[in-house]
K.L.:
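Got a structure for you, written out below as structure tokens; questions coming shortly.
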2 protein chains.
Amino acid sequence: MSNEQPETGRARRVTIFDVAAASGVSRGTISRYLNDSGYVSESARQAIKDAVEEVGYVPNTAARSLATRQTKNIAFVVHESHNMFYNDPNLGGMLTAANRVLSEADFQLVILILDTEQTLSRIAGHLRGGYVDGAILVSVRAEDPLLRIVQELGIPAAMAGRPAGASSVPWVDVDNVEAARGISARLVGTGRKRIAMIEGPETMRAARERLAGFTSAVGAHFDANLVIPTPDWGHESGFDAMREILRREPAVDGVFAACDAIAIGAMDALREAGKSVPGDVGVVGFDDSLWAKRSFPGLSTVRQPVEEMGARMAAMVLRQLKGEDLRHTHEIVPTSIVWRDSA
Amino acid sequence: MSNEQPETGRARRVTIFDVAAASGVSRGTISRYLNDSGYVSESARQAIKDAVEEVGYVPNTAARSLATRQTKNIAFVVHESHNMFYNDPNLGGMLTAANRVLSEADFQLVILILDTEQTLSRIAGHLRGGYVDGAILVSVRAEDPLLRIVQELGIPAAMAGRPAGASSVPWVDVDNVEAARGISARLVGTGRKRIAMIEGPETMRAARERLAGFTSAVGAHFDANLVIPTPDWGHESGFDAMREILRREPAVDGVFAACDAIAIGAMDALREAGKSVPGDVGVVGFDDSLWAKRSFPGLSTVRQPVEEMGARMAAMVLRQLKGEDLRHTHEIVPTSIVWRDSA
DNA sequence: TATGTATGTGTGCACGCTCACACATGTCTG
DNA sequence: CAGACATGTGTGAGCGTGCACACATACATA
């Protein structure tokens with residue numbers, strides 16, 4: 001009696017054999033139908049379609065993956081603490097767009113967050129163990145072990161941002177110099193004379209590039225004494241740096257912060273010092289994060305086309321999956337500027 | 001010559017047979033070693049360990065999954081636009097904690113974002129196709145088709161928040177009434193007399209529960225005329241609602257906003273009206289989002305133990321995987337209050 | 001008529017693993 | 001000393017697919 005449906009044993013899965021039985025067609029033909037390989041008659045097609053519906057068939061991913069040696073999964077690896085992960089506005093946009101592009105090609109995005117040594121080995125195992133067919137790497141560090149692993153495995157990959165060292169992995173980046181020049185020019189254009197920059201971590205390429213753009217834009221107004229590097233990209237660092245700038249030059253009337261969080265920190269320091277923005281001091285940032293929209297006054301900043309970047313990285317991976325050799329290539333995408341009230 | 005290593009054909013994978021050959025032990029023993037099934041001698045264990053290292057063996061997930069009928073994947077399904085996904089501070093915390101718990105049990109979290117009809121069918125396919133062994137559902141709507149699918153499939157699942165209708169899926173939630181009572185009491189305790197609430201969407205259970213807590217806390221000071229519902233949980237809605245409150249009662253001196261975004265919107269409206277916070281009006285929120293920390297002044301708010309919730313949901317899924325029947329059960333986790341400067 | 005080509009179909013095997021079972025050995029009991 | 005039991009090991013079958021190949025059939029061509 002109780003044998004009809006064993007209590008614990010799960011129900012037998014519906015397989016391609018069931019569809020074969022129900023449709024009167026062989027497994028091979030059904031497989032061709034499922035994979036659009038052609039050579040399926042209209043009558044067979046219809047019979048299979050009905051049978052699939054009738055028996056409630058869904059192809060088994062594991063079996064398919066075992067046979068084809070493909071998983072239809074792409075890893076989206078974020079090298080960042082979880083905390084940053086859900087605060088960074090750029091990541092979400094890249095994720096969204098990459099997911100859209102991959103979905104259309106019938107791939108699934110698997111998000112892996114790399115924040116400790118332990119997760120590194122787990123993720124390495126994932127990449128090696130055939131969990132995924134390719135990888136999109138975001139916020140890769142200099143000398144990143146992850147990048148080394150990906151290159152050793154030779155799996156199709158793409159990364160956001162220009163790599164610090166030598167790397168064969170194709171990448172997508174914005175033109176930091178040009179973007180920084182564009183936004184800094186606004187400060188000059190509105191008549192600011194004593195213009196400072198909060199540079200960000202000096203070891204980061206993006207920071208140095210933004211400084212180059214700034215230098216080029218402010219021209220004769222440039223004063224090396226008003227360029228302050230910070231230990232990180234955080235709000236606190238912006239606050240501290242702005243205080244230091246005010247100490248060095250109380251008459252400062254313009255600030256370019258290398259990212260929005262720093263800019264907001266700077267604005268807090270200005271408020272503390274009794275300076276008005278943009279009345280006394282014009283402030284511009286970089287990223288167009290949520291903070292830029294919500295700050296008071298709204299922060300003028302550089303908007304990076306993160307969706308575009310995400311989509312391009314996904315496309316790069318797909319192209320490699322099709323056999324294209326994209327090693328040592330890259331793409332640069334244009335930025336735009338969002339004018340709000342802070343400058 | 002060129003046959004030694006075919007150009008396009010990928011290298012043959014290292015399998016358990018290679019480990020068997022290198023170690024002089026049979027497949028069966030290796031499998032037992034890999035799965036900690038016991039009955040492996042110390043000498044065999046050592047030989048296998050060395051061989052694995054030597055040949056660089058990594059178990060193939062697909063094959064394992066095919067044989068065991070388990071994927072070691074758990075879906076984290078977010079029913080929310082991508083945009084909300086990376087703005088909502090609560091999601092990230094749940095994600096982090098769930099990921100940690102599952103990792104420890106050697107499960108992998110797969111994040112699925114449900115934002116269109118199309119993704120719904122893709123996700124349903126995922127759940128049905130044996131991609132995952134279980135699911136954690138976040139921000140489930142009333143009458144959510146996703147919830148129906150999960151229940152039909154009968155796969156181990158857990159969800160955040162009390163379900164609107166009947167559901168057998170176990171859930172974890174905070175005590176909204178108690179939390180709202182706690183934070184509202186502060187307004188009364190600091191001598192506020194004309195206390196308003198911006199309620200949030202009336203159709204949402206959480207909003208109604210928070211209103212109940214508020215009502216209980218303010219007691220005799222309660223004025224139904226100062227309770228304003230909003231169409232959504234957004235910043236703009238908070239701004240509009242606060243303007244309306246100021247119109248109805250210019251002497252308002254306390255506001256409980258049903259979430260932080262609303263609270264920040266309300267503070268913007270107060271600033272516009274020339275009111276100081278907390279001098280003229282005390283403001284409290286709910287969520288302890290990033291906005292609460294960064295607002296000026298810092299927002300006093302309710303901190304939901306999102307990590308705790310995420311961890312508990314993960315544990316619920318794991319327990320079901322082990323055979324426990326958790327249907328129709330739930331857990332309530334306690335909140336805490338973060339006092340900052342806004343009240 | 002013999003041959004070629006395009007289309008359509010079915011079968012055996014491989015993918016890499018786990019699990020059940022058969023079997024071997026050693027130790028402890030009565 | 002026979003039996004029971006725990007420990008350790010190897011082998012065959014099966015998980016559900018895709019793919020190569022053998023094999024049909026229909027029609028066009030020489």
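Heavy-atom basis, side chains included; hydrogens, waters and symmetry copies ignored. Each chain gets a letter, A, B and so on, in the order its sequence line appears, and its residues count up from 1.
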K.L.:
Could you check how far CG of B:Asn60 sits from P of D:dT17, rounded to whole Å?
P.N.:
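Rounding to the nearest Å, CG of B:Asn60 and P of D:dT17 are 17 Å apart.
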
K.L.:
Are A:Thr15 and D:dG16 close enough that a side-chain N or O sits under 4.0 Å from OP1 or OP2?
P.N.:
no

K.L.:
So, applying side chain to side chain contact (heavy atoms under 4.5 Å, CB included) with B:Leu109, which one of B:Val132, B:Asn99, B:Asn73 is it?
P.N.:
B:Asn99

K.L.:
Rounded to the nearest Å, what distance is computed from the CD1 atom of residue A:Ile48 to the P atom of nucleotide C:dG8?
P.N.:
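In whole Å, C:dG8 P and A:Ile48 CD1 are 12 Å from each other.
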
K.L.:
For B:Tyr33, report the nucleic acid contact type (base, sugar-phosphate, nothing); a contact means any heavy atom under 4.0 Å.
P.N.:
nothing

K.L.:
Taking atom types as they are modelled, would you say the side chain of B:Arg27 forms a donor-acceptor pair with the base of D:dT11 within the 3.5 Å cutoff?
P.N.:
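There is none.
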
K.L.:
Just how far, in rounded Å, is C1' of C:dT11 from CD1 of A:Ile30?
P.N.:
14 Å

K.L.:
In whole angstrom, give the distance that lies between atom CZ of A:Arg45 and atom P of C:dT7.
P.N.:
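From A:Arg45 CZ to C:dT7 P: 13 Å.
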
K.L.:
Does atom CD of A:Glu53 have more than 12 heavy-atom neighbours from other groups under 6.0 Å away?
P.N.:
no

K.L.:
Do any side-chain nitrogens or oxygens of B:Arg64 fall under 4.0 Å of OP1 or OP2 in C:dT18?
P.N.:
yes

K.L.:
On the nucleotide D:dT9, are OP1 or OP2 found under 4.0 Å from the side-chain N or O atoms that B:Ser41 carries?
P.N.:
yes

K.L.:
Among the nucleotides C:dG10, D:dG16, C:dC17, which one has an atom lying closest to any side-chain atom of A:Ser26?
P.N.:
C:dG10

K.L.:
Closer than 4.0 Å, any side-chain N/O of B:Thr29 to the OP1 or OP2 of D:dG10?
P.N.:
yes

K.L.:
If you check the B:Ala67 side chain, which of D:dC15, D:dG16, D:dT9 turns out closest?
P.N.:
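Nearest to the side chain of B:Ala67 among the choices is D:dC15.
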
K.L.:
Under 3.5 Å, is there any donor-acceptor pair linking the side chain of B:Arg69 to the base of D:dG16?
P.N.:
no

K.L.:
Within the 4.0 Å heavy-atom criterion, would you say A:Ala62 contacts the bases, only the backbone, or no part of the nucleic acid?
P.N.:
nothing

K.L.:
When you measure from the side-chain N and O atoms of A:Asn35 to the phosphate of D:dG18, is any distance below 4.0 Å, counting only OP1 and OP2?
P.N.:
yes

K.L.:
Could you give the CG-to-P distance, from A:Asp36 to D:dG18, as a whole number of Å?
P.N.:
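About 12 Å, once rounded to whole Å.
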
K.L.:
In whole Å, I'd like the distance from the CZ atom of A:Phe17 to the P atom of D:dT17.
P.N.:
8 Å

K.L.:
Distance check needed: C:dA20 C1' versus B:Arg32 CZ, whole Å only.
P.N.:
11 Å

K.L.:
Under 4.5 Å between any side-chain heavy atoms of B:Val78 and B:Phe76, yes or no?
P.N.:
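They are in side-chain contact.
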
K.L.:
Could you state the atom-to-atom distance from CD1 of A:Ile16 to P of C:dC15 in whole Å?
P.N.:
19 Å

K.L.:
Should A:Tyr39 be listed as having a side-chain N or O under 4.0 Å from OP1 or OP2 of C:dG10?
P.N.:
no

K.L.:
Does the side chain of B:Arg128 reach to within under 4.5 Å of the side chain of B:Leu153, using non-hydrogen atoms?
P.N.:
yes

K.L.:
Do A:Thr29 and A:Arg32 meet the criterion of a side-chain donor-acceptor pair at a distance under 3.5 Å?
P.N.:
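Their side chains do contain a donor-acceptor pair, which is all the 3.5 Å distance test asks for.
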
K.L.:
Check every atom of D:dT9, C:dC17, D:dC15 against the side chain of B:Leu66 and return the nucleotide holding the closest atom.
P.N.:
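Given the options D:dT9, C:dC17, D:dC15, the side chain of B:Leu66 is closest to D:dC15.
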
